[in-house]
2 protein chains.
Amino acid sequence: MQRVFEALASAPRRKILAYLAHAELNAGEIAARFEISKPAVSQHLSVLENAGLIVSEKRGQYVYYRLVPESLANTLNSYVQEVCPVSRPLKAESAAIAQRKVDTGSR
Amino acid sequence: MQRVFEALASAPRRKILAYLAHAELNAGEIAARFEISKPAVSQHLSVLENAGLIVSEKRGQYVYYRLVPESLANTLNSYVQEVCPVSRPLKAESAAIAQRKVDTGSR
DNA sequence: TAGGTATTTAATTTATTTCTTAAATACTGA
DNA sequence: TCAGTATTTAAGAAATAAATTAAATACCTA
């Protein structure tokens with residue numbers, strides 16, 4: 001929880017998540033979309049990975065990153081449910097939808 | 001958005017939100033729940049207020065704070081919808097529930 | 001194996017956050 | 001008005017986070 005919110009507090013990191021929401025990308029492809037250095041991007045990637053929001057997979061020379069959407073959705077949804085009474089009715093609904101997604105593997 | 005995520009990145013600030021989810025409290029009552037100094041708590045309160053997550057109202061000698069639950073729920077829900085395709089079906093549902101709450105003023 | 005590319009690690013500097021104490025402001029009630 | 005309480009503002013110290021450059025690691029291909 002702490003790590004997730006820390007990870008999300010950074011604009012570049014949220015931008016990385018937004019890219020990965022649309023496609024799996026390797027470290028170089030991600031870095032190319034920023035003006036900061038590659039090591040800086042690499043550090044952002046490890047913050048995101050340590051938070052469990054993304055996962056990496058080395059394939060040959062490249063390291064591919066992809067989003068773990070359930071992780072982000074689960075953390076934020078459950079936080080909202082905890083703090084915002086208004087959202088409590090969403091809880092069962094969210095769980096059901098998330099489960100359906102896991103079952104079918106569909107988007 | 002940036003301010004909301006920055007606000008949520010701090011454990012003491014999330015703790016403040018959790019307290020305010022249950023009751024309106026004044027600055028002193030909030031500060032009493034922490035080991036840090038009152039000015040430190042006051043600063044956390046202004047970060048939360050600048051993010052639009054809480055509002056304050058001065059009544060006599062005291063400054064009362066309360067949560068703006070729609071603000072937190074709306075920001076996090078819409079962020080989740082943007083980044084996590086899995087959650088998109090929740091959008092209409094969330095809006096409907098939030099609207100119902102606004103209409104009735106109920107929990 | 002050698003040279004090149006991709007990525008991360010390490011060391012360091014800079015910037016930002018968070019805390020503390022002291023002082024200012026604002027309200028209350030004698 | 002004066003003394004006391006509640007809260008915030010201000011200034012500065014300490015801790016964290018984020019960037020950079022240089023070097024290390026790992027993989028690919030000739």
Side-chain angles (χ1 to χ4, degrees), chain A residues 1-20 22-68 72 75 79, chain B residues 1-20 22-68 72 75 79:
Chain A
M1 182 77 131
Q2 178 59 36
R3 285 185 178 180
V4 170
F5 281 115
E6 271 172 11
L8 294 176
S10 146
R13 286 194 291 264
R14 288 197 307 278
K15 195 173 159 188
I16 290 173
L17 293 179
Y19 285 130
L20 295 180
H22 299 110
E24 177 182 87
L25 295 171
N26 65 45
E29 290 169 332
I30 296 167
R33 288 161 167 76
F34 290 87
E35 307 224 311
I36 59 180
S37 68
K38 282 179 187 180
V41 173
S42 181
Q43 287 171 136
H44 284 306
L45 288 168
S46 37
V47 170
L48 290 168
E49 188 160 27
N50 289 333
L53 296 176
I54 63 175
V55 291
S56 63
E57 186 186 352
K58 180 152 197 172
R59 293 206 295 269
Q61 210 167 359
Y62 304 93
V63 178
Y64 284 89
Y65 285 91
R66 60 175 185 278
L67 191 68
V68 182
L72 183 51
T75 303
Y79 179 69
Chain B
M1 183 77 131
Q2 177 59 34
R3 285 185 178 179
V4 170
F5 281 116
E6 271 172 13
L8 294 176
S10 145
R13 286 194 291 263
R14 289 198 306 278
K15 195 173 159 189
I16 291 172
L17 293 179
Y19 285 130
L20 295 181
H22 299 107
E24 175 182 87
L25 296 171
N26 64 46
E29 290 168 334
I30 295 167
R33 287 160 168 79
F34 290 86
E35 307 225 311
I36 58 179
S37 69
K38 281 178 189 182
V41 173
S42 180
Q43 283 163 24
H44 284 307
L45 288 169
S46 38
V47 171
L48 290 168
E49 189 162 25
N50 289 332
L53 297 176
I54 63 176
V55 291
S56 63
E57 184 186 353
K58 181 151 196 174
R59 292 208 294 271
Q61 210 167 0
Y62 303 94
V63 177
Y64 284 89
Y65 285 91
R66 60 175 185 278
L67 191 68
V68 183
L72 184 49
T75 303
Y79 179 69

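Order of the sequence lines fixes the chain letters, A, B, ..., with proteins taken first and strands second; residue numbering starts at 1 for each chain.
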S.K.: So if I take every side-chain heavy atom of Ala27(A) and compare against dT7(C), dA19(D), dA10(D), which nucleotide ends up nearest?
M.R.: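 Closest nucleotide to the Ala27(A) side chain: dT7(C).
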S.K.: Rounded to the Å, how far apart are Glu6(B) CD and dA17(D) P?
M.R.: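 Rounded to the whole Å, the gap is 13 Å.
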S.K.: With nearest nucleotides of DNA chain D determined for His44(A) and Lys58(A) from heavy-atom distances, which residue corresponds to the more 5′ nucleotide?
M.R.: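 It is His44(A) whose nearest nucleotide is closer to the 5' end.
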S.K.: Assuming nearest nucleotide by heavy-atom distance, tell me which of Ser37(A) and Tyr65(B) is located more 5' along DNA chain D.
M.R.: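 That would be Tyr65(B).
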S.K.: Please name all residues satisfying salt bridge (charged side-chain N to carboxylate O under 4.0 Å, His left out) with Arg33(B), sequence neighbours left out, ordered by chain then number.
M.R.: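 By the salt bridge (charged side-chain N to carboxylate O under 4.0 Å, His left out) rule, Arg33(B) matches no residue at all.
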S.K.: Does the side chain of Arg14(B) reach to within under 4.5 Å of the side chain of Tyr79(A), using non-hydrogen atoms?
M.R.: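 Yes. Closest side-chain heavy atoms under 4.5 Å.
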S.K.: Tyr62(B) has an atom OH; how far is it from atom C1' of dG29(C), in whole Å?
M.R.: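 So the OH-C1' distance, Tyr62(B) to dG29(C), works out to 12 Å.
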S.K.: Of all the nucleotides listed (dT9(D), dT20(D), dT17(C)), which has the minimum atom distance to the side chain of Pro39(B)?
M.R.: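 The answer is dT9(D), which lies nearest to the side chain.
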S.K.: Nearest whole angstrom, please: distance from the P of dT8(D) to the CD1 of Ile30(B).
M.R.: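 It is 9 Å, rounded to the nearest whole Å.
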S.K.: Spell out yes or no: do the side chain of Gln61(B) and the base of dT5(D) have one donor N/O and one acceptor N/O closer than 3.5 Å?
M.R.: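 Donor-acceptor pair under 3.5 Å: yes.
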S.K.: Can you find a side chain N or O atom of Asn26(A) that sits less than 4.0 Å from OP1 or OP2 on dT7(C)?
M.R.: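 For Asn26(A), the contact criterion (side-chain N or O under 4.0 Å from OP1 or OP2 of dT7(C)) is met.
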S.K.: Specify the separation, in whole Å, of atom CZ of Phe5(B) and atom P of dT16(C).
M.R.: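 Roughly 21 Å, once rounded to whole Å.
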S.K.: How many Å lie between CZ on Arg3(A) and P on dT16(D), as a whole number?
M.R.: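 For the pair Arg3(A) CZ and dT16(D) P, the rounded distance is 15 Å.
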S.K.: Using whole Å, what does the distance between atom P of nucleotide dT8(C) and atom OH of Tyr64(A) come to?
M.R.: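 Going from OH in Tyr64(A) over to P in dT8(C) covers 13 Å.
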S.K.: By nearest atom, which of the nucleotides dT7(D), dT18(C), dT8(C) is closest to the Arg13(B) side chain?
M.R.: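 Selected nucleotide: dT18(C).
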S.K.: Out of dT8(C), dT20(C), dT7(D), which nucleotide sits closest to the side chain of Val63(B)?
M.R.: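 Shortest atom-to-atom distance from the side chain points to dT7(D).
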S.K.: As a quick check of understanding, evaluate side-chain contact (heavy atoms from CB on, under 4.5 Å) for Lys15(A) and Phe34(A), giving each step before the final call.
M.R.: CA-CA 9 Å; Lys15(A) 195 173 159 188; Phe34(A) 290 87; 3.6 Å; yes
S.K.: Please say whether more than 12 non-hydrogen atoms of neighbouring residues, nucleotides or ligands are located less than 6.0 Å from CZ in Arg3(A).
M.R.: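 Counting other residues, nucleotides and ligands, CZ of Arg3(A) stays at 12 neighbours or fewer.
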S.K.: Give the rounded distance in Å between these two atoms: CG of Leu45(A) and C1' of dA19(D).
M.R.: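 So the CG-C1' distance, Leu45(A) to dA19(D), works out to 15 Å.
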S.K.: Give me the one residue out of Thr75(A), Leu48(A), Leu53(A) that meets side chain to side chain contact (heavy atoms under 4.5 Å, CB included) with Leu8(A).
M.R.: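 By the side chain to side chain contact (heavy atoms under 4.5 Å, CB included) criterion, Leu8(A) pairs with just one of Thr75(A), Leu48(A), Leu53(A): Leu53(A).
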S.K.: Which is true for Ala40(B) with a 4.0 Å heavy-atom rule: it touches a base, it touches only sugar-phosphate, or it touches nothing?
M.R.: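 Ala40(B): base contact, heavy atoms under 4.0 Å.
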S.K.: Is the shortest side-chain N/O distance from Arg59(A) to OP1 or OP2 of dA6(C) below 4.0 Å?
M.R.: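 False: Arg59(A) side-chain N/O out of range (4.0 Å or more) of dA6(C) OP1/OP2.
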S.K.: In whole angstrom, what separates Glu57(B)'s CD from dT7(D)'s P?
M.R.: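 After rounding, the reported distance stands at 14 Å.
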